[in-house]
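Every chain is numbered from 1, with letters handed out A, B, ... down the list of sequences.
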Amino acid sequence: MIQTPHVDWFALSPSLALLGVAAIALLAAVLVPAGRRKAFSATVTFVGFVGAFVAAALVYGLSPDAATVISGSLARDRWGALAQIILAGAGALAVLTSYGEKTKEHVAEYYALLAAAGAGMLFLAQASNLMTIFLALEWFSLCLYVLCAIDIERKSRLEAGMKYLITGSFGSAFLLFGSALIYGATGTLRLDLIGRAIAERGLSDDPLIVTGLAMMLVGLAFKASLAPFHQWTPDVYQGSPTPIAGFMSAATKAVAFVLMIRVLQTSFQEDAHLWTVLLAVLSVASLVIGNLAALVQKDVKRILAYSSVSHAGFMLMAVAANNAIGGRAVLYYLIPYAAMSIGAFAVVAARERELGRDVSVEDLAGYGWERPVLGVGMWIFMLGFAGFPLTGGFIGKFYAFTAAYRHGWIWLVIVGAVATAVSLYYYLGIVRQLFLRSPVGAAGRPLEAGGSPPRDALLQIAVLACIAVTVGSFFGVQPLIDLARNAAGSLPF
Amino acid sequence: MTSALILLPLGAALAIWLAPLDRLAVVGLALAAAVAEIALWIATVIRFDLDKSSIQFSQQASWFKDLHVSFHVGLYSYSLWLVGMTVIVMAAAIAYAVWAGRERPRAYFGLMLFLMAAVVAVFEAQDLLLFYVAWEAMLIPLYFLVGVWGGPGRAAATYKFVVYTIAGSLLMLAAIVVYGVQQGTFDMTLTKGSGSMWLFLGFAAAFAIKAPLFPFHGWLPQAYRESPPEVAAVLSGVVSKTAAYGFLRLGVIEFGGPSQDVRNVVLALAAAGLVYGSLVAFRQPDLRGILAYSSLAQMGLIVMGIYAIDLGGLNGAVLQMVNHGLISGVMFLLAGIVERRAGTGDVARLGGMARGRPILATTLLVGGMIALAVPGSTTFAGEFLILAGVFSSGWGWTAVGAVAIVLAAMYALRLISAVLHDRKGEAVTDSARDLRLPELAFVLPLLACLIALSVWPAAITSHSFGKGSERCRPLANVLKLTPGDCP
């Protein structure tokens, strides 16, 4: 008889909450009358994300000592729990920004998939076994593939969905192949045992391990949209429903980095001399390509997509530093970054709903004066992305630079500083449109959909929340860093 | 006390932004905050021990401990004077904006007060990261103040200004990270100083661009021309002083060794800026252009005083920083008043405004005379100390400085005569009135400060680096003073 392992339901509760909510929302697609379907499923999903947030916070509070549960397939530790808190918060904000979307079709499915994607991400944040990693990765990716293409009123939705499906599958395939090679070399799926096996048997230069590690990193680089594996990002963000693009740029990236650090620190400490250099190279590539490509974009969502590539580069800088301060830096960085991403995409979504088409930079002319809350919000998010003080983006970059410098890579700090300088061009370009241009566009077009459209209160609340996190994380560094330090303490840095 | 000087304008800015006030309330609140800030500064001066060279009114709150970064503010005597200059000039600028009736008052006055808080924070910050934060925070309001309320060429001017400034400040950020991590703390009162030339250059780049030091002044003429006059006054009078302060506080004091090594290079650049700025100012076709290049020249002189690395020179530099701040305030605001009356700042179309406008003529003449450092004025005292200080580095520097002061007389007199005398300019109509009470309300206090300093320049020169043995302590290692100098 096969012995069933003990299941720690409490550790699973954040993912389970969302999974349950996904089921309820899906049932709503059939059982709730069409008129109330959207309100019902959105409310349920929001409650699910809040519940997951609370559950993750409880897991964080009650798991001071890192442990693996369910036969070592999941980690119950603060690293995963803090990541889950960030992810659940991002999901809740995504629900708020989604509510004003005009599409009438498949609304219940939309929220069901969003909740399911969130559940998969939360699961992945805890996964500590090659099998659960792959399972969770595919789980949330499948949901996102559909979400990208769900809005039938968008012209480029199929392109977005297909591109994401194909490149995403490539990424998953790489990850799976790499996992297989590592399993072959070490004979175990558990991350901690892999690390022990490599150390005890001296496998750090084993070709299977090195190739497997490289392939796993490539797979994760696809998900984190690190250059040169980023090509899908702008097209997918452009074609997806805007709130989903915001959710993806915040949450997918977050979970990819959280997992990457867990895998590297738990299993591949012996190979640090290889992957630190590789990741530093990828970081530079992302900074260079992301920033240069963003310079020439006209569509705001494409700018934000390339900006997310460059931010992946900044975070990777801290990962590559391979020190505790780097781990702390990434977790801290993710908090304002997630808020800024979701907030910025929310503002784009609001403008998109007014215009009924894709938003180019010029469509934002004078928008800051027209809609002060959204305009000031966008301004703050842009400053935050650019790493200006008075936003958490500044502290995040500062920590990332400090981590890189502690590793002895002053050149990486300089690359980061130069990349920041370049990025100002397009971030300030958006700010210039918002406030320095009159509402009459450059070509003399009057501002379309002027006046006062029905106010989307939920979206405004989400934007205000994002502002609060972006600015609050600047002044309240200490509590957030304490959280991140305790979280990083559960990994063997 | 110290943090209140930052929090008061910041709080007023937030109140103006967030509360739905009408124009009158916004204007009243902004003026009240500016005046209250001056009162707070005066209260600080009264309680301040000017004979001490050490930090006073230090306040510290933890920010993030793992990297030893804190909200640490405090005042040295010299920073106290710079803060005073800032609050006075900013108050005058705000009053000018009230008089000129800027559009979108909530945004405008909120930004001005925010800028005031940021500049004061630069002078008070005793933590490297906080210094950088305040330094960058200045840029946010300036970007909008020039970009939204500026003249027709504002977009290009703003762009240039921001690109130049940020290029410098990011180098400074990299230097701050390295310096702070090396020292194990970001607290400027605990750092031990460094001999690294690279770090020094990282800091110096930011200061050289912001001051600006020749040849990093490419952004200056456009920014000063396209800004609203009161913002130009603040840019040239106040914001540029943060860079001079940076050279003093972080350049000379933290990086004594490298500062000695590059002393001649900096002096050469400063002298070049002094001569070049003065010559170009003389040839400018408009009031703002003259003032912009004269500002470049004056910043060269101030940096010369700092890089004389001599106590006399430093005292002169601090005095001259205050002087130039006040003069820039007076002159740019008067230029703005003239431009509003004549509709142009083009000197060829101005002239003859003295006739029938005695108050305008008197204020402009007094301002111009102090600007050209007429003997007996506070600027004369400052320039004399700087030239005497730089003499120890070589008589040639003093000679160049003296020549440039003659050039200053040329451009200042040209400005005065072009506006006031000559034949009557075509842009000057009889309807252009003399100065009225509201205008005097912001011009006269600045002139009064300048005249008071002319009477007693030692108020600043003897009270900037402490007294007696106190006097030498922070600078002794840099200035290589003999024991006899420190009784």
Side-chain angles (χ1 to χ4, degrees), chain A residues 324-325 328-329 332 366 368-369 372 375-376 379-380 383 386-391 394-395 397-406 408 410-425 427-429 431-432 434-438 474-482 484-485, chain B residues 10 17-18 20 61-67 69-71 103-104 106-107 111 114 118 121 128-140 143-144 146-150 154-155 158-159 162-163 165-182 186 198-199 202:
Chain A
I325 205 163
R328 225 178 289 165
Y332 175 85
W369 301 111
V376 169
W379 165 41
I380 291 174
L383 290 185
F388 249 68
L390 305 180
T391 66
F394 167 69
I395 306 283
K397 270 187 193 165
F398 175 71
Y399 260 100
F401 287 175
T402 307
Y405 176 67
R406 281 267 172 91
I410 192 165
W411 60 271
L412 199 53
V413 176
I414 292 171
V415 171
V418 173
T420 307
V422 174
S423 75
L424 276 161
Y425 178 81
Y427 291 131
L428 285 181
V431 176
R432 187 169 62 221
L434 285 171
F435 290 100
L436 270 53
R437 291 286 153 82
S438 59
F474 175 81
F475 291 99
V477 178
Q478 191 62 49
L480 295 178
I481 278 293
D482 284 341
R485 187 216 306 273
Chain B
L10 193 62
W17 280 331
L18 296 180
S62 89
W63 191 1
F64 39 121
K65 293 188 199 105
D66 55 346
L67 296 178
V69 177
S70 61
F71 292 107
E103 280 173 39
R104 305 189 198 278
R106 277 174 69 195
L111 288 169
F114 185 89
L128 285 166
L129 207 66
L130 187 61
F131 177 82
Y132 181 79
V133 165
W135 181 269
E136 288 286 80
M138 290 192 299
L139 204 56
I140 299 171
Y143 177 81
F144 289 104
V146 182
V148 176
W149 287 272
R154 60 184 186 272
T158 318
Y159 178 66
V162 167
V163 168
T165 319
I166 288 188
S169 52
L170 284 170
L171 290 175
M172 179 162 80
L173 178 61
I176 284 178
V177 170
V178 175
Y179 185 52
V181 174
Q182 276 179 359
F186 286 81
W198 286 111
L199 287 183

Which atom names give the shortest non-hydrogen contact between [X] and [Y], and what distance separates them?
{"X": "B/Phe64", "Y": "A/Tyr399", "value": "CD1-OH, 3.0 Å"}
{"X": "A/Val413", "Y": "B/Ala174", "value": "CG1-CB, 4.1 Å"}
{"X": "A/Gln478", "Y": "B/Lys65", "value": "OE1-N, 2.5 Å"}

Going from [atom1] on [X] to [atom2] on [Y], what distance comes out if it is rounded to the nearest 0.5 angstrom?
{"X": "B/Leu173", "Y": "A/Phe394", "atom1": "CG", "atom2": "CZ", "value": "5.5 Å"}
{"X": "A/Thr402", "Y": "B/Leu129", "atom1": "OG1", "atom2": "CG", "value": "8.5 Å"}
{"X": "B/Tyr143", "Y": "A/Leu436", "atom1": "OH", "atom2": "CG", "value": "5.0 Å"}
{"X": "B/Ile166", "Y": "A/Thr420", "atom1": "CD1", "atom2": "OG1", "value": "10.0 Å"}
{"X": "A/Ile414", "Y": "B/Leu170", "atom1": "CD1", "atom2": "CG", "value": "12.0 Å"}
{"X": "B/Trp63", "Y": "A/Phe474", "atom1": "CH2", "atom2": "CZ", "value": "3.5 Å"}

Inset, instruction - Decide if the gap between the ring center of B/Phe186 and the ring center of A/Phe398 is smaller than 6.0 angstrom. - result: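 Centroid distance B/Phe186-A/Phe398: below 6.0 Å, so yes.
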
Inset, instruction - Apply side-chain contact (heavy atoms from CB on, under 4.5 Å) to the pair B/Phe114 and A/Leu390, showing each step before the final yes or no. - result: CA-CA 12 Å; B/Phe114 185 89; A/Leu390 305 180; 3.3 Å; yes

Measuring heavy-atom distances to chain A, does [X] have an atom under 4.5 Å in its side chain, in its backbone, in both, or in neither?
{"X": "B/Val162", "result": "side chain"}
{"X": "B/Phe71", "result": "side chain"}
{"X": "B/Leu139", "result": "side chain"}
{"X": "B/Trp135", "result": "neither"}
{"X": "B/Ala134", "result": "neither"}

Which region of [X], side chain (C-beta onward) or backbone (N, CA, C, O), has a non-hydrogen atom less than 4.5 Å from a non-hydrogen atom of chain B, or is it both or neither?
{"X": "A/Leu480", "result": "neither"}
{"X": "A/Arg328", "result": "side chain"}
{"X": "A/Phe435", "result": "both"}
{"X": "A/Val376", "result": "neither"}

Legend entry - Flag if over 12 foreign heavy atoms under 6.0 Å of CH2, A/Trp411: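 Yes, the 6.0 Å shell around CH2 holds more than 12 heavy atoms from other groups.
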
Legend entry - Residue among B/Ile176, B/Val177, B/Val148, B/Asp66 with most heavy-atom pairs under 4.5 Å to chain A: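 If we count pairs closer than 4.5 Å to chain A, B/Asp66 comes out on top.
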
